Q: 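This is the structure I want to talk about, given as structure tokens.
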Amino acid sequence: MASNKRLLVLPGDGIGPEVMGEVRRVIDWFDRRRAVGFDIIEGLVGGVSYEAHGTPVTDEVVEQAMQSDAVLFGAVGGPRWDNLNFSVKPERGLLRLRKDMGLFANLRPAVVFDGLIDASSLKPELVRGLDILILRELTGGIYFGEPRGVEELGDGERRGVNTEVYTTSEVERVGRVAFELAEKRKGFVHSVEKANVMESGQMWREDMQALRDREFPGIPIHHMYADNAAMQLLRWPKQFDVLVTSNLFGDILSDVAAMLTGSLGMLPSASLGAPDVSGRRLALYEPVHGSAPDIAGQGKANPIAMVLSFAMALRYSFDLPEDAVLIETGVAKVLASGLRTDDIMQKGMTRVSTTAMGDALVEELDKLAA
Ligand code: NAD
């Protein structure tokens, strides 16, 4: 039963520890029922780390993250730390982990569960069965490019500059992730840029096409302008499988896709680094939502986004796709049974607490594995 699956658990602030508590129960379940064991280390990040150590993440925790097969991250931040100096704000803990771990590929699935079809902003027939993946380049592009800044031109006139910059190797490494993901999914990729008005977009398109022709000839690639991709996501989202794009366009399009699925409390994510010689990638899994200080400590948080983030870890870091499906099926069944946390409450359904949602999920896992 012993295993060397190294998992670093960082619950963080606000509802982070509450939703992580339910994931720990799911992990215990896997330990007990599936003989899938994890070596777990738990650490501090965000405001709680600042309180204990004067920094939102310590060098020791960063080192533990580098040594782990996967990091499970809850959420950070809250009004208590809003006025701290920028360099020690809770969010800096997450940014440092992303940077030091070299997490350049951000995966955000947009999956619509039948039970929540009415929570989507689109008509049921457009989203029923939706399962797409937005892959955002996370460490390059206009958020990091130089030159940047605001220049005083005199007479009250200023000039603000940010620069979109990508190299071929940056495009290729995220492109490779897109094609590899597509191989395990429906098998096609949409690459999104603005090749019509940006030279960097033209290069992105050419490099993606060349990569596909050279390394993934069996995977169809479709090139799409980012404005059209936004429209197509709302018009007929099921035309996509894996949509790969730059940092800026991915930031926007992943939020558009999120709204197709309903609530923040349902959305998981993964951020992956480059593979080492053994093929192992550093990886961090976290819900899309924040620390939700407005409901923290009240037992109202929806743990599903955090639980689905763990399912992504099973799929992408531990190569246990069947166990990931088990969790996803468990979530679908719990929703079908009518249980709802506050954020996804609908007429005629049963309102439950964070822990009651966890109870129901563990019960479903028991039934599915029986
Ligand atoms: P938020 O995601 O924390 O909350 C937005 C709204 O969604 C709130 O009304 C909240 O109650 C609700 N919500 C979020 N997750 C939920 C869940 N699991 N179940 C039920 N309801 C849920 O965003 P915010 O309010 O803009 O930010 C709050 C704090 O979180 C801030 O300090 C912000 O900086 C931080 N934040 C952290 C992360 C992160 O750790 N990755 C991400 C976003 C925001």
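Whatever order the structure lists them in is the order used to number ligands and atoms, beginning at 1. Computed from a prediction, not measured in an experiment: that's the story for all the values here. Throughout, numbering of the chain's residues begins at 1 and tracks the sequence.
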Q: Based purely on interatomic distance, does Pro287 place a nitrogen or oxygen under 3.5 Å from a nitrogen or oxygen of ligand 1?
A: no
Q: Using a 4.0 Å cut-off to any heavy atom of Pro293, which atoms of ligand 1 qualify?
A: 28 (C), 29 (C)
Q: Short question: side chain of Asp241, backbone of Lys186 - any donor-acceptor pair under 3.5 Å?
A: yes
Q: Looking only at N/O atoms, are Ile15 and ligand 1 under 3.5 Å apart anywhere?
A: no
Q: Do Leu181 and Val244 come close enough that some side-chain heavy atom pair is under 4.5 Å?
A: no
Q: Can you list the ligand 1 atoms lying under 4.0 Å from a non-hydrogen atom of Gly290?
A: 1 (P), 2 (O), 3 (O), 30 (O), 36 (N), 37 (C), 38 (C), 42 (C), 43 (C), 44 (C)
Q: Just which atoms of ligand 1 are under 4.0 Å from any heavy atom in Leu264?
A: 2 (O), 5 (C), 7 (O)
Q: Quick check on contacts: which atoms of ligand 1 are under 4.0 angstrom from a heavy atom of Ala75?
A: 40 (O)
Q: Within ligand 1, which atoms have a heavy atom of Gly78 less than 4.0 Å away?
A: 32 (O)
Q: Based purely on interatomic distance, does Phe73 place a nitrogen or oxygen under 3.5 Å from a nitrogen or oxygen of ligand 1?
A: no
Q: Glu164 versus Lys194: any side-chain heavy-atom pair under 4.5 Å?
A: no
Q: Is it true that Tyr143 and Asp251 share a donor-acceptor pair across their side chains at a distance under 3.5 Å?
A: yes
Q: Establish, from distance only, whether the side-chain atoms of Thr139 and Glu137 form a donor-acceptor pair under 3.5 Å.
A: yes
Q: Examine ligand 1 and decide if any of its atoms is less than 4.0 Å from a heavy atom belonging to Val19.
A: no
Q: From the options Asp343, Asp294, Thr354, select the one whose nearest heavy atom is closest to atom 10 (C) of ligand 1.
A: Asp294
Q: Decide whether an N or O pair under 3.5 Å exists between Asn302 and ligand 1.
A: yes
Q: Could you tell me which atoms of ligand 1, counted from 1 in the order shown, lie closer than 4.0 angstrom to a heavy atom of Ala301?
A: 19 (N)
Q: Does any N or O of ligand 1 fall below 3.5 Å from an N or O anywhere on Asp82, backbone included?
A: no
Q: Would you say Arg205 and Gln202 are linked by a side-chain donor-acceptor pair, where the criterion is simply a distance under 3.5 Å?
A: no
Q: Going by the angle between their ring planes, with limits at 30° and 60°, are Phe179 and Phe216 parallel, tilted or perpendicular?
A: parallel
Q: So does Ile304 get a backbone contact from the side chain of Asn302, meaning a donor-acceptor N/O pair under 3.5 Å?
A: yes
Q: So which of Met306, Glu18, His289 gets nearest to atom 15 (N) of ligand 1, if we judge by its closest heavy atom?
A: His289
Q: Using a strict 4.0 Å cut-off to heavy atoms of Glu286, name the atoms of ligand 1 that fall inside it.
A: 41 (N)
Q: Check each atom of ligand 1 against the heavy atoms of Gly265 and keep those under 4.0 Å away; list them by number with element.
A: 17 (C), 18 (N)
Q: Just by distance, with hydrogens left out, do Gln67 and Arg6 show a side-chain donor and acceptor under 3.5 Å apart?
A: no
